[in-house]
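Here is the structure we will look at, set down as structure tokens.
Side-chain atoms are counted along with the backbone in the values below, which use heavy atoms only and exclude waters and symmetry mates. Below, read A as the first sequence line, B as the second, and so on, with proteins coming before strands; counting in each chain starts at 1.
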Amino acid sequence: MDAKKIRRYVPRDRNRHPPAYFPAYKTTVARSPRLPLISIRQSLTEVTGPDFSQLQLGPYDNDLILNFRHTGLPIGERIIVYGQVRDQYSKPVPNALVEIWQANAGGRYRHRNDNYLAPLDPNFGGVGRCVTDAQGWYRFRTIRPGPYPWPNGPNDWRPSHIHVSITGPAIATRLITQMYFEGDPLIPQCPIVRSVGCQDAVDSMTARLDMAMSMPMDCLAYRFDITLRGELQTYFES
Amino acid sequence: MTNKLLPETPSQTAGPYVHIGLALAAAGNPTRDLEIGHELAKPGAPGEHIVVTGRILDGTGHLVRDAFLEFWQADAEGRYDPVYDPEKPFNCFGRAATTFDQGEWLIKTVKPGRVAAPDGRLMAPHISVSVFARGINIHLQTRLYFEDEEAANAEDPVLNAIELAARRKTLIARREEGSDGPRYVFDIHLQGPEETVFFDF
């Protein structure tokens with residue numbers, strides 16, 4: 001019998017994640033499976049995933065202040081958003097694709113289905129991406145997004161947030177989350193935030209003001225570290 | 001020694017505007033030089049070229065028209081080549097969105113080869129599919145298998161891990177003959193009597 005080295009990932013603790021069915025967020029009611037997920041052993045299909053080390057991105061892809069400028073600079077609070085992508089063992093995750101999208105300073109998305117009253121900003125697209133460096137760091141320059149109302153309860157508002165997608169290193173680590181801003185009073189009121197059950201987990205999605213990284217007379221900085229599932233090397237008999 | 005792990009960052013819904021970030025053309029916005037799209041295989045890629053398409057239905061039977069999907073599969077030889085490079089004729093990774101009118105997604109790819117399971121047995125050809133959308137708090141993970149691989153499907157360890165045999169058919173794409181080659185149709189039911197099998201791994 002041979003021993004073979006394989007990669008696997010720490011099981012996902014679904015208690016840290018929101019449940020599929022969360023009636024306070026009404027759209028989940030008809031879009032949540034009713035039957036239990038079926039647990040399967042991780043195979044190559046799950047422990048591999050796209051590697052973005054060879055990706056050639058545009059020079060402004062991670063600069064939302066400049067990547068949609070037409071007549072000038074976008075309106076709003078200029079910020080840096082940065083952080084480290086690491087795994088559950090604190091090991092940095094290099095070459096992960098970090099993609100973000102967000103509303104503009106008025107709370108309006110550049111999307112054909114968004115018809116909120118707040119106007120589009122001709123100089124703001126609201127999309128960015130970058131690949132984490134060898135130590136797992138990512139960095140964006142953007143405008144702080146505004147809160148906006150959404151059709152759920154009679155008067156529900158989304159707190160200011162940035163959608164963050166992390167692809168790689170494995171299908172098992174795939175994650176899309178949202179980043180909130182420290183001190184925003186709308187955070188505890190939002191049904192989407194509240195779908196995450198424990199306060200500690202909500203806090204982990206809340207970026208902290210980081211005066212050290214801010215640029216004097218230019219922009220503030222917020223730090224948002226992201227934790228992906230831990231990678232293990234194990235042996236098994238075949 | 002106790003090994004205290006950092007907790008994973010929680011998932012949040014990709015929301016109704018996921019397209020502006022991950023499927024720019026669908027949002028009606030200009031695209032960048034490089035976008036990860038629905039063409040996993042270019043015309044020159046080795047293997048049997050196929051189109052895979054489908055719809056997503058919610059628990060009331062309505063189409064989910066604002067979903068975003070990701071696909072991961074082996075090449076025609078059953079190998080995972082992880083390096084994503086738009087210059088290559090084939091990439092194992094692709095993305096698609098359901099259309100706002102017909103609610104259909106579509107990818108162009110090659111039929112994947114067989115990959116070994118952890119125990120050394122061969123799995124049937126399959127594509128890993130992840131579904132993101134407004135109202136989906138954490139992405140749903142499933143697998144697409146092929147109707148015309150009956151013998152391989154019968155011995156696939158993942159299909160066989162589904163205790164209720166009747167539910168296995170929710171993962172089998174049906175084959176149709178299209179004008180330019182085979183076309184596989186895979187409808188995903190989020191809920192209801194035909195609820196698709198979703199996995200945890």
Side-chain angles (χ1 to χ4, degrees), chain A residues 6 10 12-13 16-18 20 22 27-28 30-35 37-46 48-52 54-56 58 88 90 99-101 109-114 126-127 163 165 171-172 174-178 192 195-196 201 204-205 226-230 238, chain B residues 5-22 24 27-29 32-34 58-60 64 66 70 72 80 82-85 92-93 100 115-120 123 126 128 130 132-140 158 161-162 190-191 195 197-201:
Chain A
I6 52 158
V10 173
R12 186 162 252 157
D13 178 1
R16 293 283 298 189
H17 292 285
F22 189 74
T27 315
T28 68
R31 293 187 171 190
S32 46
R34 287 291 184 274
L35 296 169
L37 300 177
I38 293 188
S39 298
I40 56 170
R41 189 169 165 188
Q42 293 170 17
S43 76
L44 264 185
T45 303
E46 289 78 32
T48 55
D51 167 350
F52 296 105
Q54 306 301 310
L55 216 53
Q56 298 295 319
Q88 290 180 273
S90 302
E99 294 164 286
I100 65 170
W101 67 98
Y109 284 90
R110 185 171 289 280
H111 188 291
R112 57 163 58 125
N113 295 345
D114 188 2
V127 52
H163 295 266
S165 160
I171 297 308
R174 183 75 176 98
L175 184 70
I176 291 184
T177 186
Q178 298 182 30
I192 290 176
S195 69
V196 172
S204 75
M205 299 188 294
I226 297 160
T227 309
L228 302 182
R229 291 169 68 179
S238 59
Chain B
L5 294 178
L6 295 175
E8 187 186 11
T9 300
S11 172
Q12 292 272 263
T13 179
Y17 307 126
V18 57
H19 316 88
I20 83 162
L22 306 181
L24 280 66
N29 291 341
R32 298 161 291 194
D33 287 346
L34 182 164
D58 73 11
T60 67
V64 177
D66 54 6
E70 286 185 344
W72 177 249
Y80 284 107
V83 175
Y84 190 86
D85 177 357
C92 296
F93 185 62
F100 296 131
V115 176
D119 63 5
M123 295 187 280
H126 64 277
S128 158
S130 300
F132 303 82
R134 174 174 66 103
I136 294 180
N137 284 330
I138 178 163
H139 60 286
L140 299 167
V158 170
I162 301 165
L190 300 180
Q191 196 187 95
E195 185 176 308
V197 168
F198 298 106
F199 294 112
D200 195 13
F201 43 74

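- Contacts of A/Glu99 with chain B are made by side-chain atoms alone, with heavy-atom separations under 4.5 Å and no backbone atom involved.
- With values rounded to the nearest 0.5 angstrom, A/Gln56 atom CD is found 9.0 Å from B/Asp85 atom CG.
- A pairwise comparison of heavy atoms in B/Phe201 and A/Arg229 identifies O-NH2, 2.8 Å as the closest pair.
- With a threshold of 4.5 angstrom between heavy atoms, B/Pro7 approaches chain A through its backbone and through its side chain.
- The main-chain N or O of A/Asp13 is never found under 3.5 Å from a side-chain atom of B/Glu8 such that the two would form a donor-acceptor pair.
- Options B/Pro16, B/Ala27, B/Gly15 differ in how many heavy-atom pairs under 4.5 Å they form with chain A, and the most are formed by B/Ala27.
- Contacts of B/Val83 with chain A are made by both backbone and side-chain atoms, with heavy-atom separations under 4.5 Å.
- The residue among B/Ser130, B/Gly28, B/Cys92, B/Ala133 with the most heavy atom pairs within less than 4.5 Å of chain A is B/Gly28.
- The minimum heavy-atom distance linking A/Arg174 with B/Leu22 is given by the pair NH2-CD1, 4.2 Å.
- In terms of heavy atoms, A/Trp101 sits closest to B/Ala14 at CZ2-O, 3.5 Å.
- Your options are A/Val10, A/Ile100, A/Leu35, and the one with the most heavy-atom pairs under 4.5 Å with chain B is A/Leu35.
- Nearest heavy atoms, A/Ile40 versus B/Ala161: CG2-CB, 4.5 Å.
- Under the 4.5 Å side-chain criterion, counting only non-hydrogen atoms from C-beta, B/Tyr80 is in contact with A/Thr45.
- Using a 4.5 Å heavy-atom threshold, the side chains of A/Thr48 and B/Pro82 count as separate.
- Remark: side-chain polar atoms of A/His17 are paired, donor with acceptor, to backbone N or O of B/Ser11 under 3.5 angstrom.
- Note on A/Thr28, A/Leu175, A/Thr27, A/Ile38: by heavy-atom pairs under 4.5 Å with chain B, the leading option is A/Ile38.
- At distances below 3.5 Å, at least one donor-acceptor pair connects side-chain atoms of A/Gln88 with backbone N or O atoms of B/Leu6.
- Distance alone, capped at 3.5 Å, is enough to place a donor-acceptor pair between the B/Asn29 side chain and the A/Arg110 backbone.
- Only the side chain of B/Phe132 comes within less than 4.5 Å of a heavy atom in chain A; its backbone stays farther off.
- Between chain A and the options B/Ser128, B/Gly21, B/Ala116, heavy-atom pairs under 4.5 Å are most frequent for B/Gly21.
- Atom CG of A/Leu44 and atom CH2 of B/Trp72 lie 10.0 Å apart (nearest 0.5 Å).
- Of the possible polar contacts, one joining the A/Arg31 side chain to the B/Arg134 backbone as a donor-acceptor pair under 3.5 Å is found.
- Counting heavy-atom pairs closer than 4.5 Å to chain A, the top residue among B/Ile162, B/Thr60, B/Asp33, B/Val64 is B/Val64.
- Using modelled atom types, no side-chain atom of A/Ser43 and backbone atom of B/Pro118 make a donor-acceptor pair closer than 3.5 Å.
- Using a 4.0 Å cut-off between charged side-chain N and carboxylate O, B/Glu195 and A/Arg34 make no salt bridge.
- The two residues A/Asn113 and B/Phe100 come nearest to each other via the heavy atoms ND2-CE2, 3.5 Å.
- Rounding to the nearest 0.5 Å places CZ of A/Arg16 at 8.5 Å from OG1 of B/Thr9.
- With a 4.5 angstrom heavy-atom cutoff, B/Tyr17 touches chain A via backbone and side-chain atoms both.
- The contact between A/Ser165 and chain B is made entirely by side chain atoms (from C-beta outward), counting heavy-atom distances below 4.5 Å.
- The two residues A/Ser32 and B/Gln191 have their closest heavy-atom pair at O-NE2, 2.7 Å.
- Using a 4.5 Å cut-off on side-chain heavy atoms (C-beta onward), B/Ile138 and A/Arg12 make contact.
- With hydrogens and angles disregarded, a donor-acceptor distance shorter than 3.5 Å links the side chain of B/Gln12 to the backbone of A/Ile192.
- Contact count versus chain B (heavy atoms, under 4.5 Å) is highest, among A/Ile226, A/Asp114, A/Leu228, A/Leu55, for A/Asp114.
- For A/Ala201, the parts sitting under 4.5 Å from any heavy atom of chain B are the backbone and the side chain alike.
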